[in-house]
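Let me begin by presenting the structure, written as structure tokens, before commenting on it.
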Amino acid sequence: MRLFKKSADLHHWLKQQKAKGKTIGFAPTMGALHNGHLSLIEASKKDNSITVSSIFVNPAQFNDPKDFEKYPITLEKDIELLELAGCNVLFLPSVSEIYPGGAPDNEHYNLGYLETILEGKYRSGHFQGVCKVVKRLLDIVQPGNLYLGQKDYQQCMVITKLIELMGWKDSIKVSVCPTLREADGLAMSSRNMRLTKAERENAPAIYRTLGFLKTNLEKGNLLPLKRKALEKLIAERFKPDYIEIADASTLQPIDEWNGKQKLVAVAAAFLNEVRLIDNLLLNE
Ligand code: AMP
């Protein structure tokens, strides 16, 4: 695996590879890698001649500075895992490499309502920060295929929107890969490393509650079902930001279901200090 720390070096090398007819797949990450991340590498390897991954803990997307400080870093192990997965290139930039002069405040992406709901509502500025870094990474790598995880459902929609806004729709194809889970259903996440033993035992309740919504979904008024799900999460010692049933393609909350619309259940909730998110398609 080749390792690049400088954007210009990576950009130049990839340009040479593209000139030789190679195709580029890209899976950006914030490190502390697990099998969910590695599934993106695997998907990219199937479709492309060169698979690029990046590890960059993006300060611009943390609305809570404590969350940034405590974000797990396991770089040596990450490099080992990427090598084993057959990743061809790792981009490992410093903060000043990505944001010379600091992350700009005057850069704004028009994400519309997507930024005002769910993660956008509870993590103010988060998606602007995501766009800042993804815009820069895509500028540098210019991949033909971009691999994202369904685990971050709203983020997939935001990045798809960013690609539209930048006019890159015809050159970058987004592939959304399924959420990888632990045996007990907990969605794999770098933040799971921060859970205590007791919290870890409790954590799959978020997935069970999404499953409860799926099992009990019926045409008509969804409000009583959503209320029950919220109560269930609270009874399992979570402090929910939200648990919502939404239109799977727009993320607009749905209170009255016509029995046909494709739905996704999305949840974000704290277990003490650690905020977990998860989602489940309800009628695939
Ligand atoms: P992160 O390092 O958390 O920023 O995630 C990097 C990429 O991995 C994002 O596209 C995530 O959606 C994806 N990802 C994170 N967790 C999972 C998972 N459990 N299954 C599949 N993809 C995931």
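Start at 1 and go down the list; that is how both ligands and their atoms are numbered. Note that this is a predicted model, so its numbers are computed, not measured.
By the criterion of a heavy-atom distance under 4.0 Å, neither the backbone nor the side chain of Cys177 is placed next to ligand 1. Only side-chain heavy atoms of Leu40 come within less than 4.0 Å of ligand 1; its backbone N, CA, C and O stay farther off. With a 4.0 Å heavy-atom cut-off, ligand 1 is reached by no atom of Arg181.
With salt bridges taken as basic N to acidic carboxylate O contacts below 4.0 Å, one links Glu107 and Arg136. For Arg181 and Asp278, the salt-bridge test passes: some basic side-chain N is under 4.0 Å from an acidic carboxylate O. Salt bridge annotation for Arg208-Glu236: present, with a cationic side-chain nitrogen under 4.0 angstrom from a carboxylate oxygen.
Taking the ring centre of Phe212 as origin, the terminal cationic atom of Lys228 falls outside the region bounded by 6.0 Å and 45° from the ring axis.
Using modelled atom types and a 3.5 Å distance limit, the side chains of Gln61 and Asn58 yield a donor-acceptor pair. If you check the side chains of Asn145 and Asn48, you find a donor sitting under 3.5 Å from an acceptor. In summary, the side chains of Gln252 and Asp247 do not present any donor paired with an acceptor at a separation below 3.5 Å, with no hydrogens or angles considered. A donor-acceptor contact under 3.5 angstrom links the side chains of Tyr242 and Glu119, judged on distance only.
The ligand atoms of ligand 1 that sit less than 4.0 angstrom from a heavy atom of Thr179 are 19 (N), 20 (N), 21 (C). Below 4.0 Å from some heavy atom of Leu148 lie the following atoms of ligand 1, by number and element: 10 (O). The Pro178 neighbourhood of ligand 1 comprises atoms 20 (N), 21 (C), with distances under 4.0 Å to a heavy atom of that residue. Distances below 4.0 Å separate heavy atoms of Met188 from the following atoms of ligand 1: 16 (N), 17 (C), 18 (C), 19 (N).
Remark: distances from the non-hydrogen atoms of Gln150 to ligand 1 are all 4.0 Å or more.
Atom 1 (P) of ligand 1 has its closest protein heavy atom at His37 NE2, 3.6 Å. Nearest to atom 10 (O) of ligand 1 among the protein's heavy atoms is Gly149 N, 3.0 Å. For atom 11 (C) of ligand 1, the closest non-hydrogen atom on the protein side is Asp152 OD2, 3.1 Å. Scanning all protein heavy atoms for the shortest distance to atom 20 (N) of ligand 1 gives Leu180 N, 2.8 Å. Of the protein's non-hydrogen atoms, Pro28 O, 3.3 Å is the one closest to atom 6 (C) of ligand 1.
For atom 4 (O) of ligand 1, the choice among Met30, Arg191, Lys151 with the nearest heavy atom turns out to be Met30.
Taking the six-membered ring for Trp and thresholds of 30 and 60 degrees, Phe62 and Tyr71 have ring planes more than 60 degrees apart, a perpendicular arrangement.
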